[in-house]
Amino acid sequence: EIGWYVVQVNANDIATMGATPRWLLLTLLLPEKQTDRAMVESIFSQVSQACRALGIVLCGGHTEITYGLDRPLAVGLMLGEVEKADLVCTAGAQVGDEVILTKGIAIEGTAVLARELREQLAAQVGQELVGRSQRFLQEPGISVVRDAEIVCRVGRPHAMHDPTEGGLATGLWELAQASGGGIIVDLGRVHLFPESAALCQALDLDPLGLIASGALLVAAAPAEARRMVVALAEAGIGATIIGQVVDGPPVVQVRRAESLAPLPTFERDELARVFG
């Protein structure tokens, strides 16, 4: 589903800046001796359907058959629109802000594992659970466009960030380092889907470090954050306040009883560890 995928990940980057995705330029490189009409039509059908669903215009790009490839490569450049005063940056989190997490963690990683290792995982956790996990790309889905739209409609986020490679842990560290403040997290408030937990346990993976497209991190003033959580819930999107931005060095700490401990870091995504 590479065509559908390239639209979603580009749209997420636009949405996390508080903008509306508008136009897509697509460079599609196809493998020599493996490309046929069905492949090309399938990819462009996926792109078209994803663009229509999000109100995006595919306005140009480049397509070619390229030697030396063993798979298609899709490179997207997306443009969006936002009023200058409404632009949101990852670096904007402020001391005292509460940190919201939408949906849950490891959504994309769950889908990829279930699709790429379906036979192995079916033998460990059952075909029904693997089937549900494969559908995580669409439900709960790796798009955060609607999440971000709702957040910006009901309040003023100081920062937004979509945790991708390296999972929630890396996303929180990136948010802290970009903003220059510390973050204290309550991991007990972080939602982990049962399917994600089962696959991670079967493969001995830490879900905190598993690619997490589909979740949105939002930093906002406490009163604003609470309104955002309510509005997201009313739209059927789960959201939880998982932490707070604090004064101090840009580190992420986990609250454990009466003490604090550093949130783990991951040199590479847990997904890469599986396939590496």
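Contact of the Val218 side chain with the Asp147 side chain is not registered, since no non-hydrogen atoms from C-beta on lie closer than 4.5 Å. The shortest side-chain heavy-atom distance between Phe193 and Ile105 does not fall under the 4.5 Å cut-off. A 4.5 Å side-chain heavy-atom check between Leu129 and Leu199 finds at least one atom pair inside the cut-off. Contact annotation: the side chain of Pro31 never approaches that of Asp70 to less than 4.5 Å [non-hydrogen atoms, C-beta and beyond]. With contacts defined as side-chain heavy-atom distances shorter than 4.5 Å, the pair Cys152/Met160 qualifies. Looking at heavy atoms from C-beta onward, Phe44 lies in side-chain contact with Leu28 at the 4.5 angstrom threshold. Side-chain atoms of Leu26 and Val75, non-hydrogen and from C-beta on, never get closer than 4.5 Å to each other. Here the side chains of Glu195 and Phe136 are in contact, with some heavy-atom distance below 4.5 Å.
No chain of hydrophobic side-chain contacts below 4.5 Å, direct or via other Ile, Leu, Val, Met, Phe, Trp or Tyr residues, connects Tyr5 to Leu30. Clustering ILVMFWY residues whenever any of their side-chain heavy atoms sit less than 4.5 angstrom apart, transitively, puts Leu187 in a cluster other than the one holding Ile100. Residues Val246 and Leu217 are members of separate hydrophobic clusters, defined by side-chain heavy-atom contacts under 4.5 angstrom among Ile, Leu, Val, Met, Phe, Trp and Tyr. When the side chains of ILVMFWY residues are joined at heavy-atom separations under 4.5 Å, either directly or via intervening members, Val40 and Leu29 end up in two distinct hydrophobic clusters. Transitive grouping of hydrophobic side chains (ILVMFWY, heavy atoms separated by less than 4.5 Å) brings Leu137 and Val130 into a common cluster.
With hydrogens and angles left out, the side-chain atoms of Glu174 and Thr170 include no donor and acceptor closer than 3.5 Å. No side-chain donor-acceptor contact under 3.5 Å links Ser45 and Glu41. Glu1 and Gln138 share a side-chain donor-acceptor pair at under 3.5 Å.
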Check step by step if side-chain contact (heavy atoms from CB on, under 4.5 Å) holds for Gln127 and Arg118. CA-CA 8 Å; Gln127 184 58 54; Arg118 59 183 179 275; 5.5 Å; no

side-chain contact (heavy atoms from CB on, under 4.5 Å) between Ile56 and Met78, intermediate numbers included: CA-CA 9 Å; Ile56 295 165; Met78 191 172 288; 3.8 Å; yes

Apply the test side-chain contact (heavy atoms from CB on, under 4.5 Å) to residues Ile150 and Arg153: give CA-CA distance (whole Å), side-chain angles for both, the deciding distance (0.1 Å), then the verdict. CA-CA 5 Å; Ile150 293 168; Arg153 187 175 70 240; 4.0 Å; yes

Could you go through the side-chain contact (heavy atoms from CB on, under 4.5 Å) check for Leu77 and Leu24 one step at a time? CA-CA 6 Å; Leu77 170 66; Leu24 173 67; 5.9 Å; no

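Just one residue in the list Ile43, Val47, Leu73 forms a side-chain contact (heavy atoms from CB on, under 4.5 Å) with Ile2, and that residue is Ile43. The only member of Ile142, Val9, Asp13 that meets side-chain contact (heavy atoms from CB on, under 4.5 Å) when paired with Asp162 is Asp13. Checked options Thr240, Leu232, Leu216, Ile237; the residue passing with Lys103 is Ile237 (criterion: side-chain contact (heavy atoms from CB on, under 4.5 Å)). Of the options Leu54, Leu79, Ile14, a side-chain contact (heavy atoms from CB on, under 4.5 Å) to Pro21 is made by Ile14 and by none of the others.
The two residues Ala176 and Val252 have their closest heavy-atom pair at CB-CG2, 3.9 Å. In this structure, Ala169 and Leu263 approach most closely via the heavy-atom pair CA-CD2, 3.7 Å. Nearest heavy atom pair, residue Gly76 against residue Asn10, reads O-OD1, 3.1 Å. Summarising the geometry of Cys200 relative to Leu210, their closest heavy-atom pair is SG-CD2, 3.8 Å, with the distance given to 0.1 Å. Scanning both residues, Ala106 and Ser196, for their nearest heavy atoms gives O-OG, 3.9 Å. Residues Val145 and Ala11 share a closest heavy-atom pair of CG2-CB, 3.7 Å.
At least one donor-acceptor pair under 3.5 Å links the side chain of Asp97 to the backbone N or O of Gln94. A donor-acceptor contact shorter than 3.5 Å is absent between the side chain of Arg115 and the backbone of Ser133. A donor-acceptor pair under 3.5 Å links the side-chain atoms of Arg226 to the main chain of Pro222, judged by distance alone. For the pair Thr35 (side chain) and Glu32 (backbone), a donor-acceptor distance under 3.5 Å is absent.
For Phe275, the CZ atom sits in a packed shell: over 12 heavy atoms of surrounding residues, nucleotides or ligands are nearer than 6.0 Å. Heavy atoms from other residues, nucleotides or ligands lying under 6.0 Å from CD of Gln124 number more than 12. Within 6.0 Å of the CZ atom in Arg132, the count of heavy atoms belonging to other residues, nucleotides or ligands exceeds 12. For Gln177, the CD atom counts as densely surrounded, since its 6.0 Å shell holds more than 12 non-hydrogen atoms of other residues, nucleotides or ligands. Within 6.0 Å of the CD atom in Glu119, the count of heavy atoms belonging to other residues, nucleotides or ligands does not exceed 12.
Note: Arg22 CZ to Cys59 SG = 13.0 Å, rounded to the nearest 0.5 Å. Arg255 contributes atom CZ, which lies 7.5 Å from atom CG of Asp186 (distance to the nearest 0.5 angstrom). For the atom pair Glu270 CD and Leu113 CG, the distance stands at 10.0 Å (nearest 0.5 Å). Atoms OG1 and CG, on Thr27 and Leu25 in that order, are 7.5 Å from each other to the nearest 0.5 Å. Of the inter-residue distances, the one linking Gln134 atom CD with Thr110 atom OG1 reads 12.0 Å to the nearest 0.5 angstrom. A distance of 12.0 Å separates CZ in Arg189 from CG in Leu101, rounded to the nearest 0.5 Å.
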